[in-house]
Amino acid sequence: MSKEVRVRFAPSPTGPLHIGGVRTALFNYLFAKKNKGTFILRIEDTDQTRFIEGAEEYINESLEWLGIIPDEGVKQGGEYGPYRQSERMNIYRQYADKLIEKGWAYYAFDTPEELDALRNKYEAEKKTFSYDAVSRTELNNSLKIGDTETKNRINSGVPYVVRFKMPGDEIIQGSDLVRGDVKFNTSTLDDKVIFKSDGLPTYHLANVVDDYLMKISHVIRGEEWLPSLPLHIMLYRALGWDSKMPWFAHLPLILKPSGKGKLSKRDGDKEGFPVFPLEWKSTAGEISSGYREEGYFPETVVNLLALLGWNPGTEQEIFTIDELTRQFSLEKVNKAGARFDPAKAKWFNQQYLQKKPDKVLAEQFSILLRAKGVEKEMVFLERVVKLVKERSVFISDFWDQSSFFFEAPVSYDEKTKKKFWKEDSSTLVKECLKIIKEAEPFSSLKIEDKIKTYIESNELGFGKVMNPLRLALVGAGKGPHLFDIMEMIGKKETVERIEKALKIL
């Protein structure tokens, strides 16, 4: 790559970070690391009306949990700071003035009421109002009223905005690293506000100025920003920065599980899956679930998001962050939207759970157990984890899969009882109980050998004996190898559970 790679993720602190935003951050991060570049986190908080307390901290915590650590940013610092736009307010005005001086922008004094009246008038005529090259010559702006009146109004404190003067009927051509060459006709574009009446820049001006000053080489962002591309290209040209314009890449949308429309919080609420990396509590007290709190590993979320819109060109599905970094390229990013699959998210988590060392899983399981008032030695927990993890998706599943290792059943599953506890079950279980009491040493292999000998010598069906025994020990028809359970809970507990079951069942 001919120039130093510098990319940025630039979210607004207006609420929790959607996983679509997380994917944008991830793709920027992977691209930077692949090309030995710099990944920047910039907080775009110029719209103070939408600012949400705690959102910036949420963004930082989310990226840290996922291991997507910025090289430069509000927390990390850097030579191109500050990295929070609200701390850069003294920068933008000079560029708005420069655009006005060069004839690329103008003052507009139209009140909200005047603009609303125009929209209603056009709507009544079944038209759409646009503040553009055609209409601006007749509206309440400096192009219509002249320099003297404009200065008088500004000096008198009349509120105004600054609009970009989009040329009429020209073709703007841009290059997109995902979509190829793109063309826009300026006759379809309006004169966007670039500086507001409150003295703050809009997203468009602040974004372009910051990208230029921070020497951003590539702008990798969501598809929803594609309609803004022609204005951004024109701003670079108008400011004389053509040669410094970054490459653009617009990522495909993450779609609903149905594949119809952009994935939203409502989809997650409706179908019971998170759309945010971490749990979020709104100012109204509404709680939105997060992947971390739902029990997903950060590696799962990274792997899942990497494959939403990017295709490595192989059958490989499980990637470490290092593997993703080595293989990632914008050329392999798809144009079409990527359908989100909640079941696939669980599959990924299960794959990562299987790969984790039993000791690590046992340590995390012990936290859950302590909350239930259960204390067990780590060696015991590692054995439990080893036996049940194949049937688990989350660490929280371990309790459902293994509670019988820690407490005797207080009830017996009715379906299992009806299916497996027959008239002769008590007799068969009593015979097995005798064998169990005499087994020495009390090991899984020894007990299994003795019980199997009893079953075969009496020409009994294996399930006819084992299923009632499992019900007696576990309280249901689930669990790992039955003789492993017996060995782990010990002879005394095994005998007591079977005797209790015989009395109740």
Min side-chain heavy-atom separation E407-K372 under 4.5 Å:
no
W225 and V219, any side-chain heavy atoms less than 4.5 Å apart
no
Taking the side chain as C-beta and beyond, is there a heavy-atom pair between R497 and I489 under 4.5 Å?
yes
Let me see the working for D210 and Y80 under side-chain hydrogen bond (donor to acceptor under 3.5 Å, both in side chains), right down to the final yes or no.
CA-CA 9 Å; D210 285 345; Y80 296 93; over 6 Å; no
If I take atom CZ from residue F462 and atom CD from residue E456, how far apart are they, to the nearest 0.5 angstrom?
8.5 Å
Taking P82's backbone N and O only, do any of them form a donor-acceptor pair with R88's side chain (distance below 3.5 Å, no angle check)?
yes
Heavy-atom check, side chain of K491 versus side chain of K437, under 4.5 Å
no
Pair K262 + D267: basic N to acidic O under 4.0 Å
no
Would you mind writing out the side-chain donor-acceptor pairs for residues 477-485 within the sub-3.5 Å range, not counting sequence neighbours?
residue : atom : partner : partner atom : Å
K478    : NZ   : D400    : O            : 2.7
K478    : NZ   : D400    : OD1          : 3.3
H481    : NE2  : E448    : OE1          : 3.2
D484    : OD1  : S444    : OG           : 2.8

Using a strict threshold of under 4.0 Å (side-chain N to carboxylate O), is an ion pair present between E286 and K265?
yes
So, S217 side chain and R6 main chain: donor-acceptor pair closer than 3.5 Å or not?
yes
Do Y454 and E431 have side-chain N/O donor and acceptor atoms under 3.5 Å apart?
no
Criterion ring pair (Phe, Tyr, Trp, His ring centres under 6.0 Å) against Y291, the qualifying member of F348, Y296, F297, F273:
Y296
Residue among F405, F365, F404 satisfying ring pair (Phe, Tyr, Trp, His ring centres under 6.0 Å) with F398
F365
Does a side-chain heavy-atom distance below 4.5 Å link K256 with F340?
no
Residue of the set V22, I40, L41 for which side-chain contact (heavy atoms from CB on, under 4.5 Å) holds with F9:
L41
Does K500 NZ have over 12 foreign heavy atoms under 6.0 Å away?
yes
Below 4.0 angstrom, N of the basic side chain to O of the carboxylate: do K355 and E299 qualify?
no
Heavy-atom donor-acceptor pair, D181 side chain to S175 backbone, under 3.5 Å
no
Identify whether the distance between the nearest side-chain nitrogen and carboxylate oxygen of E79 and K215 falls below 4.0 Å.
no
Say whether, by atom type as modelled, one donor and one acceptor occur between the side chain of H218 and the main chain of I220 under 3.5 angstrom.
no
Heavy-atom pair of closest approach, residues P277 and L66
CB-CD1, 4.4 Å
Does R370 have more than 12 heavy atoms from other residues, nucleotides or ligands lying within 6.0 Å of its CZ?
yes
Is atom NZ of K356 surrounded by more than 12 heavy atoms (other residues, nucleotides or ligands) closer than 6.0 Å?
yes
Under the salt bridge (charged side-chain N to carboxylate O under 4.0 Å, His left out) definition, can you give me all pairs with a residue in residues 308-334, not counting sequence neighbours?
E317-K344
Nearest 0.5 angstrom please: E294 CD to K346 NZ, how far?
8.5 Å
Between R42 and D211, is the closest basic N to carboxylate O distance under 4.0 Å?
yes
Could you check if a side-chain atom of I498 sits within less than 4.5 angstrom of a side-chain atom of L469, using non-hydrogen atoms only?
yes
Inter-residue atom distance E499.CD - K430.NZ, 0.5 Å rounding
11.0 Å
Distance check, rounded to the nearest 0.5 Å: L330 atom CG versus L251 atom CG?
7.5 Å
Closest contact, heavy atoms only, L308 versus R23
O-NH1, 2.7 Å
Look at atom CD of E390 and say whether more than 12 heavy atoms of other residues, nucleotides or ligands are closer to it than 6.0 Å.
no
Is there a donor-acceptor contact under 3.5 Å from the side chain of N311 to the main chain of G313?
yes
Any side-chain heavy atom of V5 sitting closer than 4.5 Å to one from F31?
yes
Have a look at E223 and tell me which of H250, K335, R179 forms a side chain to side chain donor-acceptor pair (under 3.5 Å) with it.
R179
So, applying side-chain contact (heavy atoms from CB on, under 4.5 Å) with Y29, which one of I68, T24, L63, V7 is it?
I68
Min side-chain heavy-atom separation V333-F27 under 4.5 Å
yes
Hey, what do you get for CG (L471) to OH (Y412), rounding to the nearest 0.5 Å?
7.5 Å
When you measure from the side chain of S12 to the backbone of T14, do you find a donor-acceptor pair of N or O atoms at a distance under 3.5 Å?
no
N35 (side chain) donor-acceptor with G37 (main chain) under 3.5 angstrom:
no
Can you give me the closest heavy-atom contact between E279 and Y58, atom names plus distance?
O-CE1, 3.6 Å
Between S392 (side chain only) and F394 (backbone N and O only), is there a donor and an acceptor less than 3.5 Å apart?
no
Can you tell me how far the SG atom of C432 sits from the CE atom of M486, to the nearest 0.5 Å?
7.5 Å
If you compare all heavy atoms of H18 against all heavy atoms of G20, which two are closest, and at what distance to 0.1 Å?
ND1-N, 2.8 Å
Salt bridge or not for R383 and E487, using N-O below 4.0 Å?
yes
Any donor and acceptor pair, going by atom type alone, linking the side chain of D413 with main-chain N or O of T416 inside 3.5 Å?
yes
